[in-house]
K.L.:
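Input: one structure, supplied below.
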2 protein chains.
Amino acid sequence: MGTKGDGNRQRIVEAADGLFYRHGYNQTSFQDISDATGIPRGNFYYYFKTKDEILEAVVNSRVEGLSEMLSRCEAEANDGRERLLLFSNMLEYNRDNVIESGCPIGTLCSELAKDDAALHTKSRQAFVLLRDWIKRQFQSAGLGNADDLAMDLLAKIQGVTVLASAFKDIDYVKRSHLEIKNWINEKTLN
Amino acid sequence: MGTKGDGNRQRIVEAADGLFYRHGYNQTSFQDISDATGIPRGNFYYYFKTKDEILEAVVNSRVEGLSEMLSRCEAEANDGRERLLLFSNMLEYNRDNVIESGCPIGTLCSELAKDDAALHTKSRQAFVLLRDWIKRQFQSAGLGNADDLAMDLLAKIQGVTVLASAFKDIDYVKRSHLEIKNWINEKTLN
DNA sequence: GTCTATATGTAGATAGAC
DNA sequence: GTCTATCTACATATAGAC
């Protein structure tokens with residue numbers, strides 16, 4: 001809990017987060033994180049026993065950041081429909097990153113599904129959080145099939161991010177974002 | 001063009017194809033391909049100068065297989081709507097693999113978007129082929145926004161494969177396949 | 001707590017015998 | 001065409017000085 005050590009720990013996690021997103025987990029080496037932070041390789045093992053533990057910390061950090069983002073959506077809107085619309089803006093807000101590297105959650109999960117099962121399960125946590133939050137918004141809008149709708153919305157977003165990054169197409173993201181907002185309105189407005 | 005060598009070359013490509021799909025390109029080593037084929041590592045360099053060239057051959061092989069599959073869809077149905085429905089069956093036909101490893105095209109493209117640009121461009125070829133074929137089917141159904149619809153259908157499938165593999169959910173794939181078939185009918189039946 | 005030096009394994013790639 | 005032995009680079013991880 002020392003302030004100095006926690007500062008370094010956080011710097012490692014933040015640098016690893018960005019590198020895992022832009023280059024992938026397996027393609028990010030300790031040397032890459034060292035270069036990005038200025039912290040020597042050997043020092044990492046004071047904070048993390050293995051590379052897996054860095055990933056765990058990164059996913060925890062992403063879940064925390066996501067939680068705060070969802071909380072802001074709840075604070076800035078009063079009903080489920082408006083909150084979902086705010087949430088969907090994330091697509092366009094991050095569109096440059098999405099085109100470059102896809103969705104940080106989706107691509108990490110897809111990468112780790114081909115690897116270690118424990119890492120994949122860990123990486124899924126961000127999806128679980130999102131699915132549950134979206135489900136609650138649809139429920140608060142009075143819809144009975146809220147979990148199916150949550151999966152449908154997540155799938156729409158994932159589909160868009162995969163193709164946006166594959167074809168590097170900005171206009172496609174904008175058009176798809178509009179369609180997603182229309183879909184949210186269709187489902188939640190009676 | 002010798003028959004012996006081509007046989008070994010094809011065995012390498014087929015084994016690499018499966019390994020790239022199940023474990024990812026970067027996580028597949030020459031040793032893995034050697035173990036799967038019984039062909040010694042050093043022999044690979046008689047057929048391919050680099051690992052990149054193996055990937056190129058794998059993508060070419062996938063594009064060829066995909067072409068044949070699309071040709072079968074064209075042969076077995078007479079109009080665009082029915083052909084698209086046949087094509088969508090692929091989701092359920094391959095559902096065990098999809099749940100385990102996602103979409104072979106989508107996951108490869110997502111992985112390589114974070115890597116070398118040339119490899120990513122190569123991996124996109126299968127998507128380009130699919131997009132164009134789907135577009136032609138919508139056009140033959142008399143629809144003007146065929147390319148947008150092609151992107152929408154691809155996005156639907158990609159979204160389903162990402163979540164199916166993330167949550168390992170068979171029922172979700174079945175339900176989503178039905179929804180996709182309904183969507184194709186909605187768009188193509190006036 | 002921090003950093004250097006290093007251990008150990010494995011990656012892609014090469015040389016050259018057969 | 002096929003295979004063994006090996007090169008070089010770099011990966012994660014450890015030991016131990018400061």
Side-chain angles (χ1 to χ4, degrees), chain A residues 1-20 22-59 108 111-112 114-120 122-123, chain B residues 1-20 22-59 108 111-112 114-120 122-123:
Chain A
M1 286 204 285
T3 48
K4 190 80 167 298
D6 283 2
N8 268 358
R9 194 193 136 98
Q10 191 176 350
R11 280 170 60 211
I12 293 170
V13 171
E14 282 171 8
D17 191 344
L19 289 163
F20 290 173
R22 292 194 304 279
H23 301 134
Y25 172 74
N26 289 304
Q27 290 302 106
T28 299
S29 70
F30 281 68
Q31 186 62 51
D32 294 330
I33 305 173
S34 172
D35 292 345
T37 56
I39 298 167
R41 284 191 306 286
N43 199 353
F44 295 172
Y45 292 90
Y46 175 75
Y47 301 100
F48 309 98
K49 276 194 282 291
T50 63
K51 193 185 176 185
D52 298 6
E53 286 192 10
I54 299 183
L55 176 78
E56 198 180 349
V58 165
V59 173
L108 183 66
E111 178 183 1
L112 297 177
K114 297 175 187 288
D115 255 49
D116 188 74
L119 293 186
H120 175 249
K122 181 70 195 174
S123 73
Chain B
M1 287 207 285
T3 48
K4 190 81 168 297
D6 283 2
N8 266 358
R9 193 194 137 97
Q10 192 176 350
R11 280 170 62 210
I12 292 170
V13 172
E14 282 170 8
D17 191 344
L19 288 163
F20 290 173
R22 292 193 304 278
H23 301 133
Y25 172 74
N26 290 304
Q27 290 303 106
T28 298
S29 68
F30 281 69
Q31 186 62 51
D32 293 331
I33 304 173
S34 171
D35 291 345
T37 55
I39 298 166
R41 282 192 305 286
N43 199 355
F44 296 172
Y45 291 90
Y46 175 73
Y47 301 101
F48 309 97
K49 276 194 282 292
T50 63
K51 193 185 177 187
D52 298 6
E53 286 192 9
I54 299 183
L55 176 78
E56 199 180 348
V58 165
V59 172
L108 183 66
E111 176 183 4
L112 297 177
K114 297 175 187 287
D115 255 48
D116 188 74
L119 294 185
H120 175 250
K122 182 70 195 174
S123 73

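Quantities reported herein were computed from a predicted structural model and do not represent experimental measurements. We name chains A, B, ... by the order of the sequence lines, and we start the count at 1 in each one.
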K.L.:
Within the side chain of B:E111, is there an N or O that forms a donor-acceptor pair under 3.5 Å with the backbone of B:N26?
P.N.:
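Between the backbone of B:N26 and the side chain of B:E111 there is a qualifying donor-acceptor contact (under 3.5 Å).
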K.L.:
Any side-chain heavy atom of B:H23 within less than 4.5 Å of one from B:D32?
P.N.:
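No - every pair of side-chain heavy atoms lies 4.5 Å or more apart.
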K.L.:
Can you measure A:H23 atom NE2 to D:dC10 atom P for me and round it to whole angstrom units?
P.N.:
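Going from NE2 in A:H23 over to P in D:dC10 covers 16 Å.
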K.L.:
Could you encode protein contacts along nucleotides 12-18 of chain C as a string, one character per nucleotide from 5' to 3', using B for base contact, S for sugar-phosphate-only contact and - for no contact, with a heavy-atom cut-off of under 4.0 Å?
P.N.:
SBB----
K.L.:
Does A:K51 make a cation-pi contact with A:Y25, if we ask for NZ or CZ under 6.0 Å from the ring centre and within 45° of the axis?
P.N.:
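So A:K51 does make the cation-pi contact.
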K.L.:
Answer yes or no: is there a side-chain heavy-atom contact under 4.5 Å between A:L55 and A:L108?
P.N.:
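In short, these two side chains touch, coming nearer than 4.5 Å.
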K.L.:
Just how far, in rounded Å, is C1' of D:dC10 from CG of A:D32?
P.N.:
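Whole-Å distance recorded here is 11 Å.
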K.L.:
Could you pull out all residues at least two apart from B:K122 that satisfy side chain to side chain donor-acceptor pair (under 3.5 Å)?
P.N.:
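Listed in chain order: B:N60, B:Q125.
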K.L.:
Can you check the B:I39 CD1 to D:dT2 P distance for me, whole Å?
P.N.:
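Distance, rounded to whole Å: 8 Å.
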K.L.:
Without decimals, in angstroms, what is the distance between B:I33 CD1 and C:dT10 P?
P.N.:
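Computing the B:I33:CD1 to C:dT10:P distance gives 17 Å.
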K.L.:
To the nearest Å, how far apart are B:Q27 CD and D:dT12 P?
P.N.:
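Rounded to whole Å, this separation is 11 Å.
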K.L.:
How close or far is atom P of D:dT12 from atom CG of A:L19, stated in whole angstroms?
P.N.:
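Taking atom P of D:dT12 as the reference, CG of A:L19 is at 12 Å.
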K.L.:
Just the rounded figure in Å: distance from C1' of D:dT4 to OH of B:Y46.
P.N.:
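Interatomic distance, OH of B:Y46 to C1' of D:dT4: 18 Å.
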K.L.:
Is a donor on one side and an acceptor on the other found under 3.5 Å between the side chain of A:S34 and the backbone of A:F30?
P.N.:
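It does not hold such a pair.
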K.L.:
Under 4.0 Å from OP1 or OP2 of D:dT2: is there any side-chain N or O of B:N8 that close?
P.N.:
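Checking B:N8 against D:dT2: at least one side-chain N or O falls below 4.0 Å of OP1 or OP2.
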